[in-house]
Every structure is written in C-alpha cells, then in structure tokens.
Amino acid sequence: MLWKEIENTITAGNHECYVVGGFLRDLYLGRPVHDLDLVVESGALKLARELADRVGGSFVLLDAEHKIGRVICNDLQAICNTEIQNTEIREIDLAEFQGPSLEADLKARDFTVNALALPLNRETLQNLQDMLITRPQSEDWQLTREKLMANTLDPCAGLEDLKRKLIRAQSKEVFRQDPLRMLRAVRFSCQLGWPLEETTQAWITEYHEEIHKVSAERIRDEIFAVLKQPAAAAYVKAATDDLGLWPVIWPEIQAMADTEQNHHHAVDVWVHCLTTLESLERILANPRELPGDIRKGLFNQLKKPLGRCPRRRQDLLKWVALFHDVGKTRTKGRRPDGRITFYGHDRAGGEIIAAMAHRLMLGNKETQLAQRLVTMHMRPLQLYSLNQVSPKARFRFFRDLGPEAIEVLLLALADFEAKVAFRGGREELADYRQFIYDLLRLYITRPARIFPPKLISGKDIITYFPGLPHKLIGKILDEVYEAQGEGKVTTRAEALAWLEETIPRHYPGHS
C-alpha cells in the first residue's frame, strides 16, 4: 500500500516529513484527492527517488534549485486500493522547506487554506489511510477528520477559513511574488464555490495589471481550469467587472463592451457573449432537458480531448461562446436608415479568435476548431431563416460544418437563448430549440442520411469518361455526392446514370 511505503521511506531515512497544501484542504472538505504534497527539511530529492523505487513509480526532477521532485505513480491499483475514488493518488511532490523553517514555508504560501501541515508518523498515516477508504461525511470519516485536524499545524488560521468557506490571501506580497496567484484565487473560488475575502479582493484589484507579466501557458491553464467548472460564467464576470483581470489578458473585452448592438439585441456585445456562456452552461448542466436520443452522442463528442492536451472540446466551446461575436468590434456599420449592421462579423471574428488562441498558446487543433466555430456560428440561424429547408440546403449545411456540427449547433442555441433573455421572444425560442434538436438528432442518430457512403470514385469517372480533363474530376465527384445528399441518387447504378446524363449537358464534348 502507498501509505505503508511512505512510512517505510521516511522511517528508513529518519526524516521529519509533513503533508501540506491542497491535499489537506481537499481531504478535510471530503473532495477527491489525486496529488499529494510532502515537505522535509532536507534531502527531498533523495527521498523522492527512494519512494519512486519503492512504489514502482517514476521520478521527475521538477526544480533543482528549490529541491522539488515528483513521484509519478504508475500502478495506481496496486498501491492505492482504487476501489475507493478518494484514494487514487497519481502524483507525489516532495520539496524542502521554502524558508528557514516549516512555519516560514507555510506563511509564504498563497492562501491560508493551503498553509496547513500534518506531521507524518505511524498514527497520522493510519488515520489518513482510514479516512481515504471511508465514505466522506460519514460518522467514522468525521471522527477521523477531527483527529487529523487536531494534529494539523495551522500558523495562518487556515482551518478557520476552511470552516468559514473563505478564500483569503496570506498578504499582498503573494500577488507581487507571483501574479498568477490572482487567477488561482478566482479558480479556487470557482471550484469550491467560496467567496474571496474582501481584503484579498482589494489586493487583486490593486495589482491586476501585473497579470501581464505571467507566461501565456500558465495563464491558459488557470483560465481553462475555471472554464472546466460547470458554472464558470459568474466567476468570469467577477474576474472582469470586480477584479479587472480578464480585460488585462484580453483587451478585446473592453472593445466588446464598447460596441453597441443593433435592433436584434438589447445589450452590448460583451454582456451578450457572457450571457451566451451562461446559457451554454445551463444547457450542459441539465442533460435531462435534452431529447433522450441525442443526449449520449452529444456528450460523448463534447468530452473528447483535443489532441494530446488535457482540455476537452466542451472546455474550448465555452471559451469560444465567450468571444463568438468579437468580430462585431471590427465590422460595425450603419445603413442609410440608421440601423446598425455587422456584415461579415463571423468571418472577422474567426480571424480575431485565432489570433487570441495563438496568444494563449493553444494548440493548432484548438485554434482551428475555435476559428471554425466562430466562423460558422451563424449558419444554423441562416438555415432556420429559410421559408423551407430543402434537402440541398440541409446537405450543404452539414457538409460545411463537418465534425464540428454538434458544437456549432449548441453554440447557436445558446446564442439565441442569450438574445431572447433580454429582448424577449420565448415562443420563437421554443421553435428554434426544436429546430436545433431536429438537426442534432439527424446528425447523431442518422449520420448515413447526412454523409452517405460514396458510390463512385475518380477512377470510375476516368474509366467511363476517359477524355474528361482531370481538373474537373474533383468538382464532378462533389456534384455526385451532393446529389446523394439530396436523395436524388441512392445506388451505384443511379450514380452512373446521373453521370451519363449530367456530364454531356454540363461539360459538352466529354460524353
């Protein structure tokens, strides 16, 4: 077992070892814990290597200067007894005191609820193990927690803030030393649902301009950690309006807030986009409101990772929702009658959000997906606006959207809901929602109707029409496929007959 190997390792080296930080915070709250932080006065790297050997894990040197090493637990089931969710320890970080003493180390940490330390000995190790295999909030769990909390070193009153459910910074210096901690405060507030203490909020407001000193990669990870939460919109709003953090990262926000909308909207571009995120989160948080036959396929798509990065398609969709109308800041115009227009804002927005994605150091797949979603987000509404949706229009719609159809349709629905939230039009919203559901149903449950298997190939065209210029073959294949999508062609024989009829008429001299 993992805890026994930790005991053997620290005993063999005669170390005074402490569990610190977020592990204790989440443990005492009954939240799942996956990463363990340990500190010792000296010898942390040697201890980490020994522990990695004992548990059959891997050692990674994180920071040679500050003597921080990581043990990656490769065989979770063997060492962690993973039938209990809370015992799935994936990584163990070992570090030396970042100061002359343990107390100095704790007082230098960012927030009081992270400035806790539990000395490891046979009794506390057994209590930790017992707590992790006991159902959270049960009577036994509560009793064990009280024992551990009684042994917890707490020089910054973090346990009191934990009981009060409050995020409190140790001092304003923590934000000077690492401005990213301002975003971490927002992330903790969002994850835990706790408010920021008033003085902490004032310090962030005072130093929010310092966030531009942080690397894009670190900012990106904190932002998406917030967006990963089910109700992030309120915290995005607070980070923008109350703390001033997000406008420093994205000046586009101020331009959006300054952009007046046309008669279709009752609020500025930024408020509309923020409301779109709220609407999207409401849709995602209430899956039972979705038709049962599309629910599984929809969420299977959204939970897929984007390449090798840890971010899901759903997380990126939420970020895109927040900036889907950013193109309006560049395309605002007025007709002779005085009405405001935003012609081409979808294409302009695609270019802007691609640049924003590059600044945030998103991967190529994420950047391309973000650009496509913004560029295509008006297509569902344009299709809905037709008096009658023909098979050709529907086929071209799905052909152009391709594998991003689910995200585009959800974004379009959230966009419409956000508009109705201020302008009114509940009956039209019900009709539009049903229209989106019908398209999702077609895409998820009847994909063969949208993307039928191709009946002929370029080789067929060359065989039957040897004199046809090769530069026309791709165009003709697209035309045949479109005829399939419209239902005009359903078999190979019909496809060949279609060629016999169409090519002489459209391409004279090549019968």
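Only heavy atoms go into these numbers, but all of them, side chains included; no hydrogens, no water, no symmetry mates. Values in this document were obtained by computation on a predicted structure and should not be read as measured data.
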Using distance only, find each side-chain donor-acceptor pair of residues 354-370 under 3.5 Å and give its atom names and separation, not counting sequence neighbours.
| unit_1 | atom_1 | unit_2 | atom_2 | d |
| --- | --- | --- | --- | --- |
| R359 | NH1 | E252 | OE2 | 2.9 |
| R359 | NH2 | E252 | OE1 | 3.1 |
| R359 | NH2 | E252 | OE2 | 3.3 |
| E366 | OE1 | R311 | NH2 | 3.2 |
| E366 | OE1 | G363 | N | 2.8 |
| E366 | OE2 | R311 | NE | 2.6 |
| E366 | OE2 | R311 | NH2 | 3.4 |
| T367 | OG1 | G363 | O | 2.9 |

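- Taking 4.5 Å as the limit, some side-chain heavy atom of W194 sits within range of a side-chain heavy atom of V113.
- Taking the charged nitrogens against the carboxylate oxygens, E482 and R396 do have a contact shorter than 4.0 Å, which makes a salt bridge.
- The side chain to side chain donor-acceptor pair (under 3.5 Å) search around S457 returns D460, not counting sequence neighbours.
- Expressed to the nearest 0.5 Å, how far CG of L192 lies from CG of L29 amounts to 6.5 Å.
- Residues Q261 and F342 have side chains in contact (heavy-atom distance under 4.5 Å, counting atoms from C-beta outward).
- Checking H377 against D325 by side-chain atom types alone, a donor-acceptor pair falls below 3.5 Å.
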**Item:** Evaluation steps, side-chain contact (heavy atoms from CB on, under 4.5 Å), between I6 and L51
**Value:** CA-CA 7 Å; I6 291 176; L51 182 59; 4.0 Å; yes
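- Remark: R372 pairs with E404 by the side chain to side chain donor-acceptor pair (under 3.5 Å) rule, at least two apart or across chains.
- When every heavy atom of L386 is checked against every heavy atom of A393, the shortest pair comes out as CD1-CB, 4.1 Å.
- The salt bridge (Lys or Arg N to Asp or Glu O under 4.0 Å) analysis of residues 227-245, with sequence neighbours excluded, yields the pairs K237-D241.
- Taking CG of L381 as the reference point, atom CG of L413 lies at 11.5 Å (rounded to 0.5 Å).
- For the atom pair I444 CD1 and I450 CD1, the distance stands at 9.5 Å (nearest 0.5 Å).
- Each salt bridge (Lys or Arg N to Asp or Glu O under 4.0 Å) pair with one or both residues in residues 340-355, not counting sequence neighbours, would appear here, but there are none.
- Scored by the salt bridge (charged side-chain N to carboxylate O under 4.0 Å, His left out) test, D400 finds R379 as partners (sequence neighbours excluded).
- Between L280 and L411 there is no side-chain heavy-atom pair separated by less than 4.5 Å.
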**Request:** Go through V20 and R109 one step at a time and tell me if the side-chain contact (heavy atoms from CB on, under 4.5 Å) criterion holds.
**Result:** CA-CA 10 Å; V20 294; R109 292 174 181 264; 3.5 Å; yes
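- Between L132 and L27 the shortest side-chain heavy-atom distance falls below 4.5 Å.
- In plain terms, the two heavy atoms of W3 and L128 that are nearest each other are CZ3-CD1, 3.8 Å.
- Salt-bridge annotation for R218 and D221: absent, with no side-chain N of the basic residue lying under 4.0 Å from a carboxylate O of the acidic one.
- For the atom pair L180 CG and S215 OG, the distance stands at 7.5 Å (nearest 0.5 Å).
- Closest approach of L24 and V19 over heavy atoms only: CD1-O, 3.3 Å.
- Of all heavy-atom pairs between P195 and S189, the closest is CA-OG, 4.3 Å.
- With a 4.5 Å cut-off on side-chain heavy atoms, V71 and V60 do not count as touching.
- Counting heavy atoms from C-beta on, the side chains of L322 and T276 never come closer than 4.5 Å.
- Of all the heavy atoms in F59 and G69, the pair that sits closest is CE1-CA, 3.9 Å.
- Put simply, CE on M182 and CG on L196 are 12.0 Å apart, with the number rounded to the nearest 0.5 Å.
- Partners of R187 under the salt bridge (charged side-chain N to carboxylate O under 4.0 Å, His left out) rule, at least two apart in sequence or in another chain, are E222.
- Between I92 and D35, the closest side-chain pair of non-hydrogen atoms is not below 4.5 Å.
- Residue R312 qualifies as enclosed at atom CZ: its count of foreign heavy atoms under 6.0 Å is above 12.
- Ring to ring, F175 and Y207 are not that close: their centroids are 6.0 angstrom or more apart.
- Taking Q229 as the reference, nothing meets the side chain to side chain donor-acceptor pair (under 3.5 Å) condition, with sequence neighbours excluded.
- K454 forms a cation-pi arrangement with Y481, by the criterion of a distance under 6.0 Å to the ring centre and an angle within 45° of the ring axis.
- A tilted orientation is assigned to the rings of W319 and F224, their planes being inclined by 30° to 60°.
- Here E217 does not pair with R220 in a salt bridge; the nearest charged N to carboxylate O distance is not below 4.0 Å.
- Within the structure, every pair that satisfies the side chain to side chain donor-acceptor pair (under 3.5 Å) test and touches residues 57-69, not counting sequence neighbours, is listed here: S58-N74, D63-H66.
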**Test log, rule salt bridge (Lys or Arg N to Asp or Glu O under 4.0 Å), inputs E210 and R176** = CA-CA 8 Å; E210 300 292 301; R176 284 179 176 169; over 6 Å; no
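- When all heavy atoms of P287 and F299 are compared, the closest pair comes out as CB-CE1, 3.6 Å.
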Please set out all donor-acceptor pairs under 3.5 angstrom arising from side-chain atoms of residues 414-422, sequence neighbours excluded.
| unit_1 | atom_1 | unit_2 | atom_2 | d |
| --- | --- | --- | --- | --- |
| D415 | OD1 | H272 | NE2 | 2.6 |
| D415 | OD1 | H324 | NE2 | 3.3 |
| E417 | OE1 | R282 | NH2 | 3.1 |
| E417 | OE2 | R282 | NH2 | 3.0 |
| E417 | OE2 | R433 | NH2 | 2.9 |

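- The salt bridge (charged side-chain N to carboxylate O under 4.0 Å, His left out) test applied to K488 returns E486, not counting sequence neighbours.
- Taking the side chain as every heavy atom from C-beta outward, V269 and F323 never approach each other to under 4.5 Å.
- Interatomic distance, CD1 of I219 versus CD1 of I211, reported as 5.0 Å (0.5 Å rounding).
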**Request:** Before giving the answer on side-chain contact (heavy atoms from CB on, under 4.5 Å), spell out for F395 and F451 the whole-Å C-alpha distance, their side-chain angles and the decisive distance to 0.1 Å.
**Result:** CA-CA 8 Å; F395 172 78; F451 307 114; 5.6 Å; no
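- Listed by chain and residue number, D293, D438 satisfy the side chain to side chain donor-acceptor pair (under 3.5 Å) test with R441 (two or more places apart in sequence, or in another chain).
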